[in-house]
2 protein chains.
Amino acid sequence: MSKTDSAAAPAPEGLMLPVPGVDYGLLDGLLGYALRRAQNALYLDFHRATAAWDVSPQRFAALVLIARNPGMRQGLLGQAMGLHRSGALRLTDWLTAQGWAERRDAPDDARAWGLHLTAAGKRRLAQLEAAVAAHDRTLLAGLGEQGPALKAALDRLAWVATAQSTTPQNKPRRQTP
Amino acid sequence: MSKTDSAAAPAPEGLMLPVPGVDYGLLDGLLGYALRRAQNALYLDFHRATAAWDVSPQRFAALVLIARNPGMRQGLLGQAMGLHRSGALRLTDWLTAQGWAERRDAPDDARAWGLHLTAAGKRRLAQLEAAVAAHDRTLLAGLGEQGPALKAALDRLAWVATAQSTTPQNKPRRQTP
DNA sequence: TATTGTTATACTCTATAACTATA
DNA sequence: TATAGTTATAGAGTATAACAATA
């Protein structure tokens with residue numbers, strides 16, 4: 001279909017690090033802004049680490065999820081990644097267009113697909129996982145002793161922010177509003 | 001003049017929290033994925049905290065920057081926020097369309113603008129800052145003792161990731177402080 | 001009637017490239 | 001020649017809505 005199937009430069013944004021001479025006001029003290037800066041830097045760094053394949057973090061995550069949960073539905077993939085069904089569809093379309101994933105009939109539900117990685121997808125994932133894991137180890141090494149604590153604090157932060165914004169019931173999944 | 005000038009629902013994405021029964025493989029152990037999850041949760045939570053005004057984190061940051069650096073150029077605004085010139089243009093266009101910012105001639109360079117907040121922009125910023133600061137305090141309170149350490153670790157992480165990806169000779173835009 | 005996936009469409013964000021007007 | 005900003009366009013990502021097939 002499209003000729004931009006394989007690699008289309010997923011729009012790497014510019015750096016958000018503090019510019020000397022600019023007063024950031026309360027932004028410099030906000031947890032949320034620090035998080036955004038860090039995520040921006042990591043996003044760019046992820047691209048560098050996986051430049052040979054040009055796969056976005058999201059597509060990489062989808063590969064991992066399908067590999068670890070063979071036969072999972074598109075809807076579940078979207079749910080796990082915070083995507084709408086239509087987004088999960090486009091993501092799956094892209095993966096199948098690469099020849100890395102395929103849709104098979106779900107055994108228990110004729111409406112649904114079961115997602116599986118192809119042999120090529122498994123090989124590509126193995127390469128990506130090696131690069132990403134090495135990349136993450138380098139980051140952790142750069143953080144020193146703070147690393148593991150940071151990871152734990154981030155997990156907790158995601159939970160805290162969610163607990164705030166959702167009603168007292170623990171309902172992380174999205175329901176019809 | 002679009003009719004969606006004031007509020008256009010900046011696409012709040014779904015939650016990315018772990019779905020029970022789904023195996024996330026190495027994603028669960030990655031610093032980068034934890035960061036993405038946390039940022040996703042905070043993004044949604046920011047929207048909740050500022051729902052009364054419907055201003056995105058980026059637009060809020062632009063307001064703060066202009067307020068603290070009156071007369072700053074569009075280009076510098078973009079640089080501080082990791083945006084291309086065209087992105088800084090559209091951001092400024094939006095702010096001026098709201099009546100919150102205005103372009104004035106730069107005294108020293110006839111090519112450039114100096115950006116300033118209007119009185120309405122200052123009032124709106126004051127409201128937003130109060131809401132955002134309260135929101136951030138709530139997050140910190142939820143984190144307890146980990147909070148300040150997390151903030152420091154995030155600042156460091158952004159620096160570590162950038163130091164890695166920045167090649168010695170290729171200077172992206174600016175130098176590290 | 002509800003759910004799974006699809007199709008079609010629209011909107012946001014960001015980037016590139018060519019253009020102007022200054023420097 | 002280089003820079004600040006603009007214009008036009010393209011691409012990725014996400015959402016909504018209506019639809020078909022199945023539960």
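Keep in mind that what you see is a predicted model, and the values were worked out from it rather than measured.
- If you check every strand for non-hydrogen atoms under 4.0 Å, A:Arg73 touches sugar and phosphate atoms only.
- In the set C:dA23, D:dT14, D:dT22, the nucleotide with an atom closest to the side chain of A:Arg111 is D:dT22.
- The interatomic distance linking B:Gln79 (CD) with D:dT3 (P) rounds to 12 Å, in whole Å.
- One cannot find a donor-acceptor pair under 3.5 Å joining the base of C:dT7 and the side-chain atoms of A:Ser86.
- Among the nucleotides D:dG13, D:dA15, C:dT16, the one closest to the side chain of A:Ser56 is D:dG13.
- When distances are taken from the side chain of B:Leu89 to each of C:dT7, C:dA21, D:dT6, the shortest belongs to D:dT6.
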Pair A:Arg36-B:Gln58, side chain to side chain contact (heavy atoms under 4.5 Å, CB included): steps then yes or no: CA-CA 10 Å; A:Arg36 191 166 147 84; B:Gln58 191 184 42; 4.0 Å; yes
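- One atom, CE of A:Met81, and another, C1' of D:dA15, lie 16 Å apart when rounded to the nearest Å.
- Going from atom CZ of A:Phe60 over to atom C1' of D:dA12 covers 20 Å, rounded to whole Å.
- A cation-pi arrangement, defined by a distance under 6.0 Å to the six-membered ring centre and an angle within 45 degrees of its axis, is present between B:Arg37 and B:Tyr24.
- Heavy atoms only, all atoms of each residue included: B:Val19 and A:Ala80 are closest at CG2-CA, 3.7 Å.
- Residue A:Arg103 places none of its side-chain N or O atoms closer than 4.0 Å to OP1 or OP2 of C:dG5.
- Comparing C:dT6, D:dA15, D:dA4 by their nearest atom to the side chain of A:His84 picks out D:dA15.
- In the model, B:Arg103 has a side-chain atom that pairs as donor or acceptor with a side-chain atom of B:Gln74 under 3.5 Å.
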Derivation and outcome, salt bridge (Lys or Arg N to Asp or Glu O under 4.0 Å), residues A:Arg73 and A:Asp108: CA-CA 11 Å; A:Arg73 316 278 176 82; A:Asp108 56 327; 2.9 Å; yes
For a quick test of your reading: what N or O donor-acceptor pairs under 3.5 Å do the side chains of residues 127-136 of chain B make, sequence neighbours left out?
unit_1   : atom_1 : unit_2   : atom_2 : d
B:Gln127 : OE1    : B:Arg124 : NE     : 2.9
B:His135 : NE2    : B:Asp45  : OD2    : 2.6
B:Asp136 : OD1    : A:Leu31  : N      : 3.1
B:Asp136 : OD1    : A:Gly32  : N      : 3.3
B:Asp136 : OD2    : A:Leu31  : N      : 3.0

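- Put simply, CG on A:Leu83 is 11 Å from C1' on D:dA15, counting in whole angstrom units.
- Over its full length, the helix from C:dT1-D:dA23 to C:dA23-D:dT1 turns its helical axis through 0°, comparing axes from the five pairs at each end and rounding to 10°.
- Nearest heavy-atom pair across B:Ala161 and A:Leu42 is CB-CD1, 3.5 Å.
- A close approach under 4.0 Å does not occur between any side-chain nitrogen or oxygen of A:Trp94 and OP1 or OP2 of D:dA12.
- Between B:Gln58 and A:Ala112, the one whose closest nucleotide on DNA chain C sits nearer the 5' end is A:Ala112.
- Of the two residues contacting DNA chain C, namely A:Gly114 and B:Ala110, the nearest-nucleotide position lying further toward the 5' end is that of A:Gly114.
- Here the nucleotide nearest the side chain of B:Arg90, chosen from D:dT16, C:dT14, D:dG5, is C:dT14.
- Taking only distance into account, the side chain of A:Arg85 meets the base of C:dG5 through a donor-acceptor pair shorter than 3.5 Å.
- Atoms CZ (A:Arg36) and P (C:dC13) sit 11 Å apart, rounded to a whole Å.
- Note on B:Gly87: nothing from the nucleic acid sits closer than 4.0 angstrom, heavy atoms only.
- Of all heavy-atom pairs spanning A:Asp155 and B:Ala34, the tightest one is OD1-CB, 3.5 Å.
- If you take CG of B:Leu95 and C1' of C:dC13, they are 15 Å apart, rounded to a whole angstrom.
- C:dT3 atom P lies 12 Å from atom CG of A:Asp109, rounded to whole Å.
- In this structure, CZ of B:Arg104 is placed 21 Å from P of D:dA4, rounded to the nearest angstrom.
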